[in-house]
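Because only heavy atoms are used, hydrogens play no part in the values below, and waters and symmetry mates are left out as well, while side chains stay in.
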Amino acid sequence: MTAHPALGLVDAIADRLADPDTVPLGSRTLSSDRQHLAYGPPGIALLHIELAARGLGPWHRAHDWLAAASRHSLTSGPDSHPFYGVPAFAHALSCAADYLPGSYQRALDAMDGQIAIDVGRRLDAAHRRIDAGRLPQLAEFDAIRGLTGYGAYLLRRNPGSSTMRAVLDYCVRLTEPIIHHGEFLPGWWTETGPSGSPDDRFPGGHANTGMAHGIGGVLAFLALAARNGSVTDGHHTALHTILTWLDRWKQRADGGPVWPYWVTQDELRTGHLAPSAPRRPSWCYGTAGLVRAQQLAALELGDTSRQIDTENALVAALTDPEQLKATTDNGLCHGFAGLAHAAARTADDAHPSTAGKLHAAIPALLAAVTPPDTDPELTATALVQDEEGGLGLLDGAAGIALALLAPSTAAPPRSAWDACLFIA
């Protein structure tokens with residue numbers, strides 16, 4: 001069988017990111033982003049871990065990038081989070097350890113202990129906040145900086161631990177309504193804008209639906225936990241609560257069903273969303289991520305009708321010219337490579353009536369990243385030298401390469417690199 005052209009780009013990117021000592025001059029990768037999963041060495045290590053696990057690259061490249069991330073002490077405590085410091089490094093290290101029995105175990109055990117302490121402190125603060133009737137910050141619970149991000153790591157490393165159970169209990173409590181200034185709000189309502197900072201465009205705050213920073217990530221985490229046998233009191237009720245919220249705000253558009261990135265206070269009070277132009281159906285916000293979250297929940301709940309409906313929504317989004325036109329880059333977070341990866345992961349679990357349609361949508365997504373006349377060497381060089389996208393996982397070259405692997409080989413990831421994205 002002829003290899004997909006996208007694999008040539010993957011190889012070329014991996015070669016250019018083979019050695020941390022040869023990254024482009026002036027790169028932030030080894031300085032300010034050294035501990036960051038999204039932009040720095042931990043995310044680049046994931047590319048080499050996945051390639052090595054597939055037998056497509058040497059393990060020493062992964063080790064070199066892990067070593068680059070840990071040349072100096074790693075941040076723990078309040079200044080760390082799932083994508084920065086000890087937790088970020090632990091995710092990458094554990095992905096390697098899964099394939100190298102006995103390796104890195106002492107370091108991982110030490111980091112697991114520190115992570116449990118940090119999660120305990122965060123949980124205590126979150127419950128005090130809820131007890132006081134205050135609204136959360138996005139960073140309290142989101143996938144990137146918050147407790148669900150920690151939960152994704154615990155689900156892999158310590159699924160039966162008391163800490164894991166406590167995170168699940170917190171997520172269930174987060175879905176309970178809260179009364180704020182006499183108004184009933186969903187428990188995940190925040191007074192800030194989507195950036196996590198006060199924003200005049202969001203008077204009264206918003207309810208974020210995204211996978212990266214909103215309730216979509218919580219839904220996916222709860223569903224994944226249940227599918228893996230980690231269930232707590234009120235677990236399925238919480239799943240239904242989030243699904244009901246998403247049902248309430250689902251819109252029928254020419255390109256198929258869509259969900260808003262967020263709901264504002266005015267929209268909540270009127271019950272109607274403000275008109276908006278078609279938006280990209282990405283992992284971080286929009287249809288690709290939310291469909292995967294709802295599909296996982298439907299599979300856990302045995303709701304075949306919901307599963308088929310949401311999978312068809314993704315098919316519609318991936319074949320809608322207007323939504324695809326809103327997708328303007330190739331990155332993992334919100335670009336075409338990320339769409340291809342999300343489509344492949346969703347197709348792996350899809351109902352027989354929709355799996356073929358999802359698979360059929362993938363070639364066009366791959367072609368958007370690697371058109372027929374693509375020179376993989378030139379394209380890889382351009383991606384690695386692109387200062388805006390960078391080298392890393394979420395927006396950069398390493399993430400594009402990782403996201404191309406599963407859809408271009410029709411084989412799911414061998415490592416758990418994408419567990420931090422809540423899609424598997």
Side-chain angles (χ1 to χ4, degrees), residues 82 87 90-91 94 98 112 115-127 129-131 136 140-143 146-178 186-188 209-212 214-247 289-311 345-346 348-351 412 416 418-424:
H91 171 62
S94 66
D98 288 343
D112 286 349
I115 288 169
I117 292 171
D118 292 343
V119 170
R121 289 171 178 161
R122 284 171 172 257
L123 287 168
D124 288 345
H127 287 297
R129 189 269 306 165
I130 296 173
D131 291 341
E140 178 185 291
F141 65 85
D142 74 9
L147 283 162
T148 49
Y150 282 101
Y153 178 78
L154 293 168
L155 184 58
R156 288 183 51 240
R157 290 286 297 167
N158 295 296
S161 66
S162 60
T163 305
M164 175 67 186
R165 174 66 180 258
V167 173
L168 291 174
D169 288 339
Y170 158 77
C171 288
V172 169
R173 197 176 184 200
L174 183 72
T175 66
E176 297 170 357
I178 192 167
W188 60 92
T209 62
M211 285 283 276
I215 201 62
V218 180
L219 176 65
F221 167 61
L222 287 171
L224 286 166
R227 290 188 80 196
N228 285 278
S230 295
V231 181
T232 193
D233 296 340
H235 201 123
H236 288 87
T237 298
L239 289 174
H240 283 294
T241 296
I242 302 171
L243 290 170
T244 299
W245 174 266
L246 294 175
D247 287 346
L290 283 176
V291 161
R292 180 57 169 163
Q294 291 176 87
Q295 179 200 42
L296 290 168
L299 288 167
E300 167 59 22
L301 296 170
D303 189 342
T304 304
S305 177
R306 177 182 293 278
Q307 178 191 348
I308 293 171
D309 286 347
T310 54
E311 291 165 359
R345 292 302 252 165
T346 304
D348 287 342
D349 291 320
H351 190 271
D418 59 353
C420 63
L421 305 177
F422 297 94
I423 60 176

Audit row: Arg165, Asp233, side-chain contact (heavy atoms from CB on, under 4.5 Å) steps and yes/no | CA-CA 10 Å; Arg165 174 66 180 258; Asp233 296 340; 3.9 Å; yes
Pair Val231-His236, side-chain contact (heavy atoms from CB on, under 4.5 Å): steps then yes or no | CA-CA 9 Å; Val231 181; His236 288 87; 4.3 Å; yes
Tell me, with the steps shown, if Arg156 and Asp98 meet side-chain contact (heavy atoms from CB on, under 4.5 Å).
-> CA-CA 10 Å; Arg156 288 183 51 240; Asp98 288 343; 3.0 Å; yes
Kindly indicate, with the supporting measurements, whether the criterion salt bridge (Lys or Arg N to Asp or Glu O under 4.0 Å) is fulfilled by Arg121 and Asp118.
-> CA-CA 5 Å; Arg121 289 171 178 161; Asp118 292 343; 3.8 Å; yes
Verdict with reasoning, Arg292 to Asp348, per salt bridge (Lys or Arg N to Asp or Glu O under 4.0 Å) | CA-CA 11 Å; Arg292 180 57 169 163; Asp348 287 342; over 6 Å; no
Pair Phe141-Val218, side-chain contact (heavy atoms from CB on, under 4.5 Å): steps then yes or no | CA-CA 8 Å; Phe141 65 85; Val218 180; 4.0 Å; yes
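Contact record, Ala416 with His91: O-CE1, 3.4 Å, taken as the closest heavy-atom pair. Here the closest heavy-atom approach between residue Pro186 and residue Ile178 is recorded as O-CG2, 3.9 Å. Residues Phe422 and Gly217 approach most closely at CD2-O, 3.9 Å, considering heavy atoms. Contact between Gly216 and Met211 at its shortest, heavy atoms only, is O-SD, 3.4 Å. Shortest non-hydrogen contact noted between Asp142 and Ala212 is CB-O, 3.5 Å. Of all non-hydrogen atoms in Gly151 and Val167, the two that sit nearest each other are CA-CG1, 4.1 Å.
We find the OG1-NE2 distance between Thr310 and His351 to be 11.5 Å, quoted to the nearest 0.5 Å. To the nearest 0.5 Å, the span separating OH on Tyr170 from OG1 on Thr232 amounts to 14.5 Å. Atom CD1 of Ile242 sits about 11.5 Å away from atom OG1 of Thr209, to the nearest 0.5 Å. Between atom NE2 of residue His235 and atom CG of residue Asp169 there is a gap of 10.0 Å, rounded to the nearest 0.5 Å. Taken from CG in Leu239 to OG1 in Thr244, the straight-line distance is 10.5 Å, to the nearest 0.5 Å. Within the model, atoms OG of Ser161 and CG of Asp112 stand 9.0 Å from one another, a figure rounded to the nearest 0.5 Å.
The only option from Gln307, Gln294, Arg306 that meets the side-chain contact (heavy atoms from CB on, under 4.5 Å) definition with Leu299 turns out to be Gln307.
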For residues 219-230, run the donor-acceptor check on the side chains, cut-off 3.5 Å, and write out each pair with its distance to 0.1 Å, sequence neighbours left out.
{"from": "Asn228", "atom 1": "ND2", "to": "Leu224", "atom 2": "O", "distance (Å)": "2.7"}
{"from": "Ser230", "atom 1": "OG", "to": "Pro159", "atom 2": "O", "distance (Å)": "3.2"}

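A 4.5 Å side-chain heavy-atom check between Leu174 and Thr148 finds every atom pair outside the cut-off. Side-chain contact between Tyr153 and Pro82 is absent, with no heavy-atom pair separated by less than 4.5 Å. Within the 4.5 Å cutoff, the side chain of Thr175 has no heavy atoms near those of the Trp245 side chain.
Using a 3.5 Å distance cut-off with no hydrogens or angles, the side chains of Arg157 and Ser94 do not pair a donor with an acceptor.
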